[in-house]
Participant: 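Let me begin by handing over the structure; questions about it come next.
Worth knowing before you read on, the calculation uses all heavy atoms, side chains too, and leaves out hydrogens, waters and symmetry mates. A note on names: the letters A, B, ... follow the listed sequences, proteins ahead of strands, and every chain is numbered from 1. As the structure is a computational prediction, the values presented were derived from the model and not from experiment.
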Amino acid sequence: MKLVVTEKNDAAQKIADLLGVKKPKADKVYSTPVYRFDVDGEEWVTIGLRGHILEPDFTPTMVYKKRGGWQGVTEEGETFPAQLPATLPKPPFKKKKPFTEDGVELKAWKMDALPYLVYAPIKKQPKEKEIIRSLKNLAKKADSIIIATDFDREGELIGSDALSCIQEVNPDAPVSRARYSAFTKEEITHAFDNLVELDVNLASAGASRQDIDLIWGAVLTRYLTLVKFAGYGNVRSSGRVQTPTLALIVAKERERLAFVPEDYWVIRGAFGTDPDAFEAPHATARFKVEAEASAVMAHVEGATTARVSGVEKKKRTVQPPAPFNTTSLMAAASAEGLSPARTMRIAESLYMDGYISYPRVDNTVYPSSLDLAETVRAISGNPAYAPYCKELLAKGELKATRGKKETTDHPPIYPTAKATPDDLAPADYKLYNLIARRFLATLSEAAVVEGTKVSLDVNGEPFVAKGDVLSKPGFRAIYPYGLKKDEQLPALAEGETIAFNGAVCTKKQTEPPARYSQGKLIQEMEKLGLGTKSTRHSIIERLYAVKYIVNDPIEPSQLGMAVCDALDKFAPHITHPEMTAELEEEMDNIAEGRTTKAQVVDTSRNLLSDQLASLLPHSEEVKDALADAVAADAYVGPCPKCGKDLQLRASQKTRGMFIGCAGWPDCDVTYPLPKGKVESVPEPCPTCGMPQVKVTAFRSKPRTICIDPNCSTNKEPDVIVGECPVCKEKGKQANLVAQKNPRTLKRFIHCENYEECGVGYPLPQYGALQATGEVCEHCGAPMVIVTTARGPWKLCPNFDCPGKEQDEEKKGASGAKGAVKKAPAKKAPAKKPAAKKAPAKKPAAKKDSSDKA
DNA sequence: GCAAGGTC
C-alpha cells in the first residue's frame with residue numbers, strides 16, 4: 001500500500017480524485033477521513049493532516065507543568081544541560097539547592113529562572129493526537145510513503161514532522177516527496193511521476209523559526225507577566241510578530257500626540273439659481289492667514305454675479321481592480337465594516353460550504369486552468385448579477401486583470417457557486433457579494449470618469465467648481481465599493497454670467513495623521529513582512545485580547561504603550577520588524593545548507609539572553625510603568641466618598657464589569673454597569689458631575705452614560721403600561737409598571753401587586769419606552785413600543801406568549817422558499833425578547849453564534 | 001497561564 005500524506009483533508013480528497021482511475025472510496029481510520037483508490041492494481045491511501053501535528057515545547061520536566069510552570073525552570077535534583085554561556089548571571093537562589101557549573105543543577109524561581117528558560121531544552125510534542133494515531137495506523141501497513149504537503153517551508157516542516165511519526169512505527173518504508181502547486185490533473189500527475197526527496201534543510205529552517213518564536217515569546221511574555229503580576233488570565237504577551245505590530249500602532253499614536261494642529265480658513269461660495277444651484281470653494285483651498293481670507297470676503301461682499309472664466313473637461317479612466325488575495329480581501333472587507341478576523345472566519349465557512357475558492361492565498365493572477373466564463377455562468381443564477389453576467393458573456397473571450405503578485409499555490413479568491421441573500425446569513429452574504437462582484441469586476445472594462453473644472457470670477461476673486469461624473473461605468477456597474485457619488489455640475493459656458501449668492505468663511509484646523517484601520521494595519525504588516533496571510537488577522541485579535549489595543553480605528557491602550565516602551569528601551573530587538581527580516585535571511589541560509597538550525601537558534605538564544613540581561617536590572621521601573629498604565633486604563637474618575645480613583649473592574653464571580661474604588665477595602669464605593677463593552681470617557685456628567693462611561697452593548701451603538709444610577713439622566717419615570725391580567729381575573733385592579741432596577745440597571749415590567757400574583761415581563765434594555773394601551777391578542781399582556789436607533793418597534797413583552805411561536809413558524813415558511821441551506825430555526829433564547837426583531841425575510845441567522853462580541 | 005504557524 002502506498003500512503004500519501006497531505007497537509008489538509010481537502011488536499012487528500014482532491015489528490016485521490018485526480019490520481020484514481022475510479023472514484024476513490026471515502027473511508028475513516030479512527031475519526032480521520034482517508035481516501036482509498038487503485039493505481040495499476042496497487043492500493044493507494046491519502047490522508048490529510050491538520051497543519052502542524054507536532055509542536056515544540058519546553059520538555060515537561062524543565063518547565064514543571066502542573067503548578068509551577070512559571071515558578072522555575074527545573075525540578076529539584078534535575079541536571080541542566082551544560083550549554084549555558086559563561087556570561088549568564090547566576091541567579092540569587094531563594095531555595096537551598098546548590099548551583100554547580102558543569103552539568104548544572106539549578107533551582108531558580110520565577111523571574112530569576114528566566115535566564116535559564118532561554119537555554120531550556122525543547123522537544124517536539126504531539127499536538128494532534130487523533131491524527132497521529134490514524135497516521136501511524138496506516139503507516140504500519142504502508143510499503144512506501146509519499147509526502148504531499150503544501151509546497152512551501154511550513155509544508156516541508158509539516159511533512160517532516162509527519163514522517164518522524166511514521167518512522168516510529170515503520171522505519172524502513174521508502175519515502176519520497178511530491179511537489180505540486182495546483183490541483184489540476186496535469187500538475188498532480190506530473191508531481192507524482194517526478195517524485196523528489198524531502199528537503200530536510202528546508203524543514204529545518206521552519207523548525208528553527210518555531211523554536212525561536214517559542215523561546216522569545218515565552219521568555220518575554222513571562223517576564224512582562226511576572227514583573228507585575230495581575231492575577232491569572234492577565235497575560236502580557238510579546239512575540240516576534242505581535243510586538244512590532246503593536247509598535248506600529250504606538251508609533252502612529254505618538255505622531256498624533258506630537259501633532260500641532262494649525263488653523264486655516266476656507267471660503268465657499270454659493271452660485272446659480274435653483275435647480276442649477278451649486279457650491280464652489282475659493283481657488284485658494286486653505287488660507288493660513290485669517291486676514292487674507294477676510295480680504296477675500298470683503299472683495300466679494302455685495303457681489304451678485306459671477307462670470308464663468310473657464311470650463312475645462314478631462315476624461316480619466318479608472319482601471320478595474322486586481323483579483324482578490326487574502327490581504328486585499330481583508331482590506332476591502334474592512335472598509336465594509338467586517339474586521340479581518342471576522343472576514344477570515346466567514347471566508348473559511350464559505351469555502352467549506354463550496355461558495356468560494358480557498359481563502360488563504362497570496363496569488364493575484366488567475367491561473368489559465370480556471371474557466372472564467374464557466375464561473376461567470378455559475379454565479380449568474382443570482383438575479384443581481386444576471387444581466388451583467390449576460391453582458392460579459394456576450395462579449396466573447398474574457399480577459400481578466402492581473403495583480404502584482406503571481407504565485408502558483410492557489411488561485412486568487414473567486415466565487416465557485418451561486419448564492420443569493422436567501423442562502424446565507426447577512427454577514428456571510430455581504431462577504432460573498434463582495435467576492436462575487438470583485439470577480440466580475442476583474443473581467444470588466446475600465447470605468448471612465450469625466451471631470452469638469454469650472455473657473456468662476458467674483459469681483460476678481462477666483463472660485464473653482466469641480467464635478468465628477470461617471471461617463472462610462474465599466475466595472476463600476478457591478479463593483480460600487482468605495483465609489484464616490486457623482487457630483488454633477490450644471491452645464492456652463494465660458495463667458496456666461498451666473499448668480500452669486502454670497503460666500504461663507506469657515507475656520508478649520510489641520511488634522512493629525514489617521515490611526516490605522518484594521519485593514520490598513522494588515523496591509524502595513526504585509527509590507528513589512530510581519531506574519532503571514534493566515535496569521536495576520538489573529539495577531540491583531542491577540543493584541544485586542546491582551547488589551548494592548550482598543551477600538552477601530554486602532555488606538556493603543558496605556559498598557560500597550562507601556563509594554564512597547566519598556567521593551568523598546570531594554571529589549572529593542574523584539575519591537576522591530578527587522579527581527580523577522582533577519583530570521584528570514586537565516587532561514588534561507590539553513591535551507592541552502594550554509595548554516596544549521598542549531599547555530600541559528602543558539603545565536604538567537606544568546607541575543608535574547610543579552611536583551612533579558614538588560615531588562616532584568618530595570619524590573620522595578622518596568623513594574624511601575626505597567627502598574628501606572630493599567631491604573632490609567634481602568635480610571636473613570638474620582639471617588640465621591642474618599643477622593644481616590646474609581647476604576648473599571650471585573651467581578652471575580654460573574655466576570656461582569658463594575659466600577660469600584662481603588663481605596664477598597666477601606667472605601668466600599670461601587671457602581672453597577674450594564675452589559676456590554678465599557679470604556680472610560682474623560683468628560684464628567686453634564687448634569688451631576690459624576691464620571692461617565694461609554695457602553696457598547698452587543699450590536700448596538702455606543703452610549704455615554706453617567707455612572708451614578710441616581711443621576712437624573714439615568715432615572716426613567718415609571719411607565720404604567722397596562723392592567724395586570726392575572727389580578728383582573730381575580731377581580732382585583734392592579735397596574736403593570738415598567739421600571740428600572742437601580743441596583744442592576746435592568747428594566748422590566750412587573751405588577752404593582754407582584755408579591756401576590758408574580759406577573760413580570762422582561763424588556764429590551766435600551767430605547768425609549770411607550771405604553772400603547774393595547775393588549776396582545778395572544779396572551780393579553782400590554783403591548784409596548786420601544787424606540788431604538790433603528791426606529792420604533794411594537795412588541796408583546798410576554799416571553800411565554802403563544803404568539804411568539806406562530807411568528808417563528810411564519811419566519812420559517814417565508815425563508816424556506818428558495819433557501820438552499822437552512823440552519824434549524826433557533827428558538828428565541830430565554831430572557832431575550834430582542835430576538836423577535838430578527839428579520840423575518842431570512843432563515844435563522846446561520847453563523848451569528850460564532851461572532852465573538 | 002507563553003509565540004507563530006499551519007488548519008477546523
Participant: Considering only side-chain heavy atoms of A:I158, which listed nucleotide, B:dG1, B:dG6, B:dA4, is closest?
Facilitator: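 Output: B:dG6.
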
Participant: If I take atom NZ in residue A:K14 and atom P in nucleotide B:dT7, what distance separates them, rounded to the nearest angstrom?
Facilitator: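 Whole-Å distance recorded here is 12 Å.
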
Participant: With A:R153, which residues qualify under side-chain hydrogen bond (donor to acceptor under 3.5 Å, both in side chains), at least two apart?
Facilitator: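 side-chain hydrogen bond (donor to acceptor under 3.5 Å, both in side chains) list for A:R153, sorted by chain: A:E584.
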
Participant: Under the rule for side-chain hydrogen bond (donor to acceptor under 3.5 Å, both in side chains), what residues qualify as partners of A:H52, not counting sequence neighbours?
Facilitator: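 A:H52 satisfies side-chain hydrogen bond (donor to acceptor under 3.5 Å, both in side chains) with A:E154 only.
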
Participant: Between P on B:dG5 and NZ on A:K124, what's the gap in Å once rounded to a whole number?
Facilitator: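 So the NZ-P distance, A:K124 to B:dG5, works out to 15 Å.
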
Participant: Rounded to whole Å, how long is the line connecting atom CG of A:L157 with atom C1' of B:dA4?
Facilitator: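 The distance from CG of A:L157 to C1' of B:dA4 comes to 12 Å, rounded to the nearest Å.
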
Participant: So A:I47 and A:T32, side-chain contact (heavy atoms from CB on, under 4.5 Å) or not? Walk me through it.
Facilitator: CA-CA 8 Å; A:I47 179 171; A:T32 312; 4.0 Å; yes

Participant: Mind jotting down which residue pairs meet the salt bridge (Lys or Arg N to Asp or Glu O under 4.0 Å) criterion with at least one end in residues 523-540 of chain A? Sequence neighbours excluded, please.
Facilitator: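 For residues 523-540 of chain A, and leaving out neighbouring residues, the salt bridge (Lys or Arg N to Asp or Glu O under 4.0 Å) pairs sorted by first residue read A:D362-A:K533, A:K405-A:E526, A:E524-A:K527.
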
Participant: Tell me, please, which residues at least two apart from A:F151 pass ring pair (Phe, Tyr, Trp, His ring centres under 6.0 Å).
Facilitator: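 Once residues adjacent in sequence are excluded, A:F151 has no partner under the ring pair (Phe, Tyr, Trp, His ring centres under 6.0 Å) criterion.
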
Participant: Can a side chain N or O of A:R236 be found less than 4.0 Å away from OP1 or OP2 on B:dG1?
Facilitator: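 Indeed not, no polar side-chain atom of A:R236 lies that close.
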
Participant: In terms of the nearest nucleotide of DNA chain B, which residue is placed more toward the 5' end: A:D211 or A:Y358?
Facilitator: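 Nearer the 5' end of the strand: A:D211.
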
Participant: Without decimals, in angstroms, what is the distance between A:R345 CZ and B:dC8 P?
Facilitator: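 That distance rounds to 16 Å.
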
Participant: For the NZ atom on A:K14, are there more than 12 heavy atoms of other groups (residues, nucleotides or ligands in this structure) within a distance under 6.0 Å?
Facilitator: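 Result for NZ/A:K14: enclosed.
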
Participant: Is the phosphate of B:dG5 approached by A:R209 (side-chain N or O, under 4.0 Å from OP1 or OP2)?
Facilitator: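 Checking B:dG5 against A:R209, no side-chain N or O comes under 4.0 Å of OP1 or OP2.
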
Participant: Enumerate the residues from residues 525-538 of chain A whose closest heavy atom to DNA chain B is under 4.0 Å, giving them by residue number; use none for an empty result.
Facilitator: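 Only A:G531, A:T532, A:S534, A:T535 qualify.
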
Participant: Mind checking what makes salt bridge (charged side-chain N to carboxylate O under 4.0 Å, His left out) contact with A:K623, not counting sequence neighbours?
Facilitator: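 Once residues adjacent in sequence are excluded, A:K623 has no partner under the salt bridge (charged side-chain N to carboxylate O under 4.0 Å, His left out) criterion.
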
Participant: Does A:D10 reach a base, just sugar-phosphate, or nothing at all? Heavy atoms under 4.0 Å.
Facilitator: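 No contact.
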
Participant: For A:P367, what residues pass the side-chain contact (heavy atoms from CB on, under 4.5 Å) criterion, not counting sequence neighbours?
Facilitator: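 A:P367 satisfies side-chain contact (heavy atoms from CB on, under 4.5 Å) with A:S369, A:L370, A:P411, A:P412 once adjacent residues are dropped.
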
Participant: To the nearest Å, how far apart are A:E154 CD and B:dG5 P?
Facilitator: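 Rounded to whole Å, this separation is 8 Å.
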
Participant: Can a donor-acceptor pair be found between the side chains of A:E592 and A:N589 at a distance below 3.5 Å?
Facilitator: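 No, A:N589 and A:E592 have no side-chain donor paired with an acceptor closer than 3.5 Å.
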
Participant: With nearest nucleotides of DNA chain B determined for A:Q210 and A:N9 from heavy-atom distances, which residue corresponds to the more 5′ nucleotide?
Facilitator: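 Nearest-nucleotide comparison on DNA chain B picks A:Q210.
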
Participant: Write down the atom of A:G519, the atom of A:S334, and the distance for their closest heavy-atom approach.
Facilitator: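 So the minimum-distance heavy-atom pair works out to N-OG, 3.0 Å.
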
Participant: Tell me every residue that passes ring pair (Phe, Tyr, Trp, His ring centres under 6.0 Å) with A:F229, counting only those two or more places apart in sequence or in another chain.
Facilitator: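 Once residues adjacent in sequence are excluded, the partners of A:F229 under the ring pair (Phe, Tyr, Trp, His ring centres under 6.0 Å) criterion are A:Y232.
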
Participant: May I have the distance from A:Y548 (atom OH) to B:dC2 (atom P), rounded to whole angstrom?
Facilitator: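 Taking atom P of B:dC2 as the reference, OH of A:Y548 is at 11 Å.
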
Participant: I need the residues from residues 619-627 of chain A with at least one non-hydrogen atom less than 4.0 Å from DNA chain B; give them sorted by number, or say none.
Facilitator: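 Contacts with DNA chain B under 4.0 Å: none.
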
Participant: Does OP1 or OP2 of B:dG1 have a side-chain N or O of A:T221 closer than 4.0 Å?
Facilitator: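 Checking A:T221 against B:dG1: no side-chain N or O falls below 4.0 Å of OP1 or OP2.
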
Participant: Calculate the interatomic distance between A:K8 atom NZ and B:dG5 atom P; express it in whole Å.
Facilitator: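 Nearest whole value for this atom pair: 16 Å.
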
Participant: For a quick check, tell me whether the side chain of A:Q242 and the base of B:dC2 share a donor-acceptor pair closer than 3.5 Å.
Facilitator: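 Between B:dC2 and A:Q242, which were checked side chain against base, a qualifying N/O pair under 3.5 Å is absent.
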
Participant: Heavy atoms within less than 4.0 Å of DNA chain B: which residues of residues 47-56 of chain A have one? Give them sorted by number.
Facilitator: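 Hits under 4.0 Å, by residue number: A:R50, A:G51, A:H52, A:E55, A:P56.
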
Participant: Which is true for A:F229 with a 4.0 Å heavy-atom rule: it touches a base, it touches only sugar-phosphate, or it touches nothing?
Facilitator: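 It contacts base atoms.
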
Participant: Which pairs count as salt bridge (Lys or Arg N to Asp or Glu O under 4.0 Å) when at least one residue sits in residues 556-574 of chain A, sequence neighbours excluded?
Facilitator: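 Pairs touching residues 556-574 of chain A that pass the test: A:R254-A:D565, A:K569-A:E621.
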
Participant: List in chain and number order the residues that pass side-chain hydrogen bond (donor to acceptor under 3.5 Å, both in side chains) with A:D152, two or more places apart in sequence or in another chain; answer none if no residue qualifies.
Facilitator: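 Counting only residues at least two positions away or on another chain, A:D152 forms no side-chain hydrogen bond (donor to acceptor under 3.5 Å, both in side chains).
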
Participant: Could you give the CD1-to-P distance, from A:I539 to B:dC2, as a whole number of Å?
Facilitator: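 Value for this atom pair: 14 Å.
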
Participant: Counting side-chain heavy atoms from CB outward, which of B:dC2, B:dG6, B:dG1 is closest to A:A218?
Facilitator: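 The closest nucleotide is B:dC2.
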
